[in-house]
Asker: 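This is the structure I have questions about; it appears just below.
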Amino acid sequence: MKEISSAYNPKETESKIYQKWLDSGYFNPDNLPGARTKTYNIVLPPPNVTGILHIGHALMLVIQDILIRYHRMSGFKTLWLPGTDHAAIATQSKVEAMIYKAEEKTRHDLGREEFLKRVEKYAQESHDTIIEQTKRMGASLDWSREAYTLDPDRNLAVKTAFKKMYDAGLIYRGNRMVNWDPKMQTTVSDDEIEWKDEITSLYYLKYGPFTIATARPETKFGDKYVVMHPEDKRYTQYTHGQQIELEWINGPVKATIIKDDSIDMEFGTGVMTITPWHDAADNEIAKRHNLDFEQIIDQKGKLLAIAGEFTGLHIKKARPLIIEKLQSKGLIEKIDEKYAHRIATNSRGGGIIEPQIMKQWFIDVNKEFELSPEQKLNFPASEKATLKKLMRHTVESGLIKIYPDHFQKTYFHWIDNLKDWCISRQIWYGHQIPVWYKGDQVHCGIEAPKESGWEQDPDTLDTWFSSGLWTFSTLGWPNKTKDMELFHPTSVLETGYDIIFFWVARMILMTTYLLEEIPFKTIYLHGLIRDKDKQKMSKSKGNIIDPLGVIDTYGTDALRIALIFSTAAGNDIPLAEEKIKGMKHFANKLWNIARFILSNTDDFETKIDQAKLTEADKEILSKLELATKEITENIEGLRLNEAAQAAYHFTWHELADIYIEASKAQLQDPELSANTKAVLAKTLKTTLKLLHPFMPFVTEEIWSNLNQKDLLMISEWEK
RNA sequence: GGGCGGUUAGCUCAGUGGUAGAGCAUCUCUUUGACGUAGAGAGGGUCAUAGGUUCAAAUCCUAUACCGCCCACCA
């Protein structure tokens with residue numbers, strides 16, 4: 001027999017095998033042999049260029065690679081399309097921090113052009129790292145089609161999409177309340193806000209005859225509306241619109257009584273004053289009653305002229321001084337120093353959110369429009385569409401299926417509460433808004449106007465605007481390409497459930513409008529990986545399992561099957577290193593099964609003689625057929641964990657424990673020897689195929705010893 | 001305040017109507033020509049609790065308890 005080490009060595013094998021796959025060209029569907037009329041296609045959720053590969057990426061890559069390899073072996077024209085995301089705010093803030101640390105310079109010190117050069121350099125390096133790491137997972141991605149959310153092709157798609165929506169009135173510019181991050185000097189979307197618990201002081205202030213409570217006295221200068229519930233019996237003497245004179249921070253003011261049923265009578269005194277410019281809830285009340293909006297705080301977090309003697313002070317510094325003044329004027333009734341509330345922060349590395357009313361670009365989710373007669377959404381022709389309606393319709397009608405299905409409710413709930421999406425950001429790294437101004441004129445287009453004097457809007461687009469186009473911008477849209485024709489809509493969108501709002505919903509929004517079809521037929525949501533204490537993995541907690549470290553110790557195949565083995569869709573996964581270790585044993589077991597069989601036969605093409613089958617032979621062949629059926633059905637049904645368990649169980653407890661033991665005696669029997677070899681050969685070959693999607697490296701390596709004419713990765717999955 | 005998920009072996013998790021499973025841990029045996037990074041075997045579970053449906057429930061229904069997550073304009 002050939003000289004094969006008794007222990008499987010993943011390190012030696014993996015890079016060699018991956019290169020072999022690359023050389024074969026089979027990652028690219030155009031190179032796959034056979035007729036292949038059916039297509040199967042997944043776009044990789046693009047990892048952020050700033051990041052390094054974490055265990056969540058590893059899980060995503062494994063799930064998708066299993067689906068891809070299975071379908072490739074099953075005769076589909078299979079495309080898995082890779083790419084990375086420029087993650088605008090996250091990337092910019094990271095580079096800004098690095099530059100400030102090294103040179104004490106801000107982006108404004110460097111200027112837009114120079115700063116962007118720096119960001120691009122960083123993004124490029126970071127990109128190379130994460131791509132190398134992705135390859136180590138064994139991902140069979142078609143690198144010839146790799147895309148970047150900020151490259152020229154995607155930029156064309158973004159501009160085209162923007163223009164189409166602008167022309168249809170679905171994108172508008174307007175003054176609205178936004179989440180302003182004074183630290184990064186940009187707006188942030190609702191979904192990018194992270195709420196943090198904080199203990200602070202709650203001040204009870206005397207506001208004329210009332211007592212109002214506030215945690216933010218520095219916003220109170222402009223308060224001239226006092227709001228209470230219309231049914232609050234304590235305040236029946238006051239009427240809506242009534243005006244009263246009272247002494248306030250900087251002197252006497254005239255306050256107006258407003259009755260609004262959004263007021264919680266139980267809270268404090270049941271009375272509050274409002275700050276429509278700087279608080280979302282107050283803003284809603286003010287809009288309902290058509291009240292005045294006054295800005296108190298500027299974009300840097302400093303108080304405006306309305307603050308009188310405090311003008312120009314930063315709110316942080318102003319607060320104690322304001323309290324002092326209120327104290328001296330006798331306007332403070334009491335202070336609750338242990339008031340627990342939540343503050344909004346920018347989760348992408350910025351500061352505390354200060355709501356502001358600003359001129360921004362928005363996508364109108366409620367504006368009605370008509371779909372073309374060619375629409376592939378089965379949306380009733382009699383009805384006017386809105387983005388919101390289409391988002392709901394695609395899932396409700398079953399055009400798009402979500403696994404596990406309870407996430408449907410989450411999805412609907414989010415849509416029902418969806419407000420217009422603020423898409424402009426005041427950062428520099430990203431797609432610049434394709435709108436130019438000249439005096440009062442506005443031009444939206446793919447190219448800048450030819451005449452001089454036009455100036456482009458300096459803002460960039462929310463990173464999810466470009467991500468929302470991902471399923472088709474990667475296929476060449478807006479050009480009419482062969483890839484678009486073949487591979488859209490995509491088969492499955494596989495991602496973590498934490499990203500359903502950010503991304504999944506936005507892809508549906510963009511695709512249903514721009515293409516009038518669905519972006520994908522199935523959404524498969526995986527869970528979040530947590531440590532054994534169910535904590536989210538994060539650098540600050542120091543509980544990260546580094547997939548690359550694990551690969552070095554146990555091998556990629558062990559990590560892959562460990563990740564999938566006990567992972568039901570949508571469930572969080574506390575990953576224990578012991579499981580990976582156990583799966584390393586499994587890879588080794590398979591290796592030695594192959595070694596045993598290889599030491600007994602060189603010929604893997606011999607036909608099995610049905611007449612000579614022993615009971616043990618019949619048993620293993622029938623179990624093999626059963627396992628094949630079970631694994632196939634489970635992969636088709638997206639129960640990858642059950643498929644993996646079935647493959648594991650068959651290999652270890654049917655093939656190794658029972659049949660290989662039985663075969664030892666049969667091999668000694670001259671009557672049975674030849675046929676036993678044929679059964680062993682057949683069983684090994686099929687087992688390798690069954691395990692290949694889960695453990696591609698070790699199976700391909702063993703396969704290479706079987707004198708087969710082509711790679712295991714394109715061998716036929718025999719159902 | 002709404003919504004969702006979880007509670008199964010010492011630990012971490014699979015299992016969704018029909019005799020309870022995996023990895024790790026524990027114990028015993030095996031240095032036999034596939035495998036000592038191992039194998040064979042063993043112990044260990046009233047499947048959170050209480051009701052209900054069913055011939056049959058870890059699995060379906062109802063309630064309770066505890067844990068966790070998401071959403072929300074409580075000053």
Side-chain angles (χ1 to χ4, degrees), chain A residues 1 4-10 177 190-191 195 202-205 211-216 219-220 223 226-228 260 262-275 279-285 339 341-342 344 355 404 406-414 416-417 419 497-498 500-501 527-528 530-536 553-555 558 561-562 564-568 570-600 639 641-642 644-645 648-649 652-653 655-657 660-661 663-664 680:
Chain A
M1 103 142 225
I4 299 175
S5 153
S6 66
Y8 169 60
N9 185 336
M177 172 146 283
D190 290 345
D191 296 295
W195 293 90
L202 184 66
Y203 304 93
Y204 288 82
L205 309 179
T211 300
I212 58 160
T214 183
R216 302 199 58 195
T219 64
K220 295 282 139 190
D223 289 9
V226 55
V227 192
M228 59 206 67
D260 190 282
S262 70
I263 298 295
D264 179 1
M265 289 185 273
E266 308 291 312
F267 190 94
T269 56
V271 178
M272 70 173 195
T273 58
I274 55 170
T275 314
D279 184 282
D282 295 358
N283 189 273
E284 292 295 319
I285 294 172
Y339 176 64
H341 77 151
R342 302 186 313 160
H406 68 253
F407 281 109
Q408 279 197 15
K409 281 189 191 166
T410 316
Y411 174 80
F412 289 140
H413 184 256
W414 183 78
D416 293 341
N417 290 299
K419 288 179 280 188
Y497 69 71
D498 56 326
I500 181 166
F501 308 135
L528 306 184
R530 297 169 187 272
D531 71 3
K532 36 185 189 302
D533 302 319
K534 300 196 176 184
Q535 296 292 304
K536 267 190 190 174
T553 316
Y554 304 108
I561 197 159
I564 217 68
F565 205 79
S566 295
T567 305
N571 285 9
D572 285 352
I573 308 140
L575 184 68
E577 198 167 324
E578 291 77 46
K579 193 177 275 166
I580 306 169
K581 192 176 163 194
M583 290 305 158
K584 181 181 174 164
H585 295 331
F586 178 57
N588 200 51
K589 184 76 180 178
L590 178 66
W591 184 255
N592 281 292
I593 289 169
R595 227 160 60 92
F596 172 77
I597 297 176
L598 276 160
S599 70
N600 283 292
R639 297 176 297 271
N641 56 330
E642 291 184 55
Q645 287 177 34
Y648 177 95
H649 181 264
W652 204 309
H653 301 301
L655 176 55
D657 285 0
I660 286 196
E661 291 311 316
S663 77
K664 285 175 184 171
L680 281 170

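Atoms considered below: every heavy atom in the structure, side chains included; atoms not considered: hydrogens, waters and symmetry mates. Residue numbering restarts at 1 for every chain, and letters A, B, ... go by the order of the sequence lines. If you're wondering where the values come from, they're calculated on a predicted model, not measured in any experiment.
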Asker: If the condition is ring pair (Phe, Tyr, Trp, His ring centres under 6.0 Å), which residues does A/Phe501 pass it with, not counting sequence neighbours?
Answerer: A/Trp414

Asker: Show the distances under 3.5 angstrom between N or O atoms of the protein and N or O atoms of nucleotides 71-73 of chain B.
Answerer:
none

Asker: Measure all distances between protein nitrogen or oxygen atoms and nitrogen or oxygen atoms of nucleotides 28-36 of chain B, and list the pairs falling under 3.5 Å.
Answerer:
unit_1, atom_1, unit_2, atom_2, d
B/A34, OP1, A/Lys664, NZ, 3.3
B/A34, O3', A/Arg595, NH2, 3.1
B/A34, O2', A/Asn592, OD1, 2.9
B/A34, O2', A/Arg595, NE, 3.3
B/A34, O2', A/Arg595, NH2, 3.0
B/A34, N7, A/Lys664, NZ, 3.3
B/A34, N6, A/Glu661, OE2, 2.9
B/A34, N3, A/Asn592, O, 3.2
B/C35, O4', A/Asn592, OD1, 2.9
B/C35, O4', A/Asn592, ND2, 3.4
B/C35, O2', A/Asn588, ND2, 3.4
B/C35, O2', A/Asn592, ND2, 3.3
B/C35, O2, A/Lys589, NZ, 3.0
B/C35, N3, A/Lys589, NZ, 3.2

Asker: According to the Watson-Crick and G-U wobble definitions, with both distances under 3.5 Å, which nucleotide is paired to B/C60?
Answerer: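 Here B/C60 is engaged in a pair, and the nucleotide opposite it is B/G52.
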
Asker: Mind checking who B/C69 pairs with, Watson-Crick or G-U wobble, both distances under 3.5 Å?
Answerer: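 In the structure as shown, B/C69 has B/G3 as its Watson-Crick or wobble partner.
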
Asker: Set out, line by line, the N/O atom pairs under 3.5 Å between protein and nucleotides 25-27 of chain B.
Answerer:
none

Asker: Return the set of residues passing side chain to side chain donor-acceptor pair (under 3.5 Å) with A/Thr410 (not counting sequence neighbours), or none when no residue passes.
Answerer: none

Asker: Mind checking A/Tyr339 for me? I need base, sugar-phosphate or nothing, with any heavy atom below 4.0 Å counting as a touch.
Answerer: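 Sugar-phosphate contact only.
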
Asker: In whole Å, measure the gap between the C1' atoms of B/A20 and B/G1 for me.
Answerer: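 It works out to 40 Å between them.
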
Asker: For the pair A/Asp260 (side chain) and A/Met228 (backbone), establish whether a donor and an acceptor sit closer than 3.5 Å, ignoring hydrogens and angles.
Answerer: no

Asker: Can you name the residues that form a salt bridge (Lys or Arg N to Asp or Glu O under 4.0 Å) with A/Asp223, not counting sequence neighbours?
Answerer: A/Lys220

Asker: According to side chain to side chain contact (heavy atoms under 4.5 Å, CB included), who are the partners of A/Lys664, at least two apart in sequence or on a separate chain?
Answerer: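 A/Lys664 satisfies side chain to side chain contact (heavy atoms under 4.5 Å, CB included) with A/Phe596, A/Ile660, A/Glu661 once adjacent residues are dropped.
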
Asker: Taking ring pair (Phe, Tyr, Trp, His ring centres under 6.0 Å) as the test, write out the residues that go with A/Tyr203, two or more places apart.
Answerer: none

Asker: Would you please name every residue forming a side chain to side chain contact (heavy atoms under 4.5 Å, CB included) with A/Ala280, sequence neighbours left out?
Answerer: A/Met177

Asker: List in chain and number order the residues that pass ring pair (Phe, Tyr, Trp, His ring centres under 6.0 Å) with A/Tyr339, two or more places apart in sequence or in another chain; answer none if no residue qualifies.
Answerer: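 A/Tyr339 satisfies ring pair (Phe, Tyr, Trp, His ring centres under 6.0 Å) with A/His341 only.
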
Asker: List for me each residue that meets side chain to side chain donor-acceptor pair (under 3.5 Å) alongside A/His406, sequence neighbours excluded, and say none if there are none.
Answerer: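 Applying side chain to side chain donor-acceptor pair (under 3.5 Å) to A/His406 gives none.
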
Asker: Taking only the C1' atom of each, what is the distance from B/A9 to B/G18 in whole angstrom?
Answerer: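 Nearest-Å result for B/A9 against B/G18 at atom C1': 22 Å.
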
Asker: Under the rule for ring pair (Phe, Tyr, Trp, His ring centres under 6.0 Å), what residues qualify as partners of A/His649, not counting sequence neighbours?
Answerer: A/His653

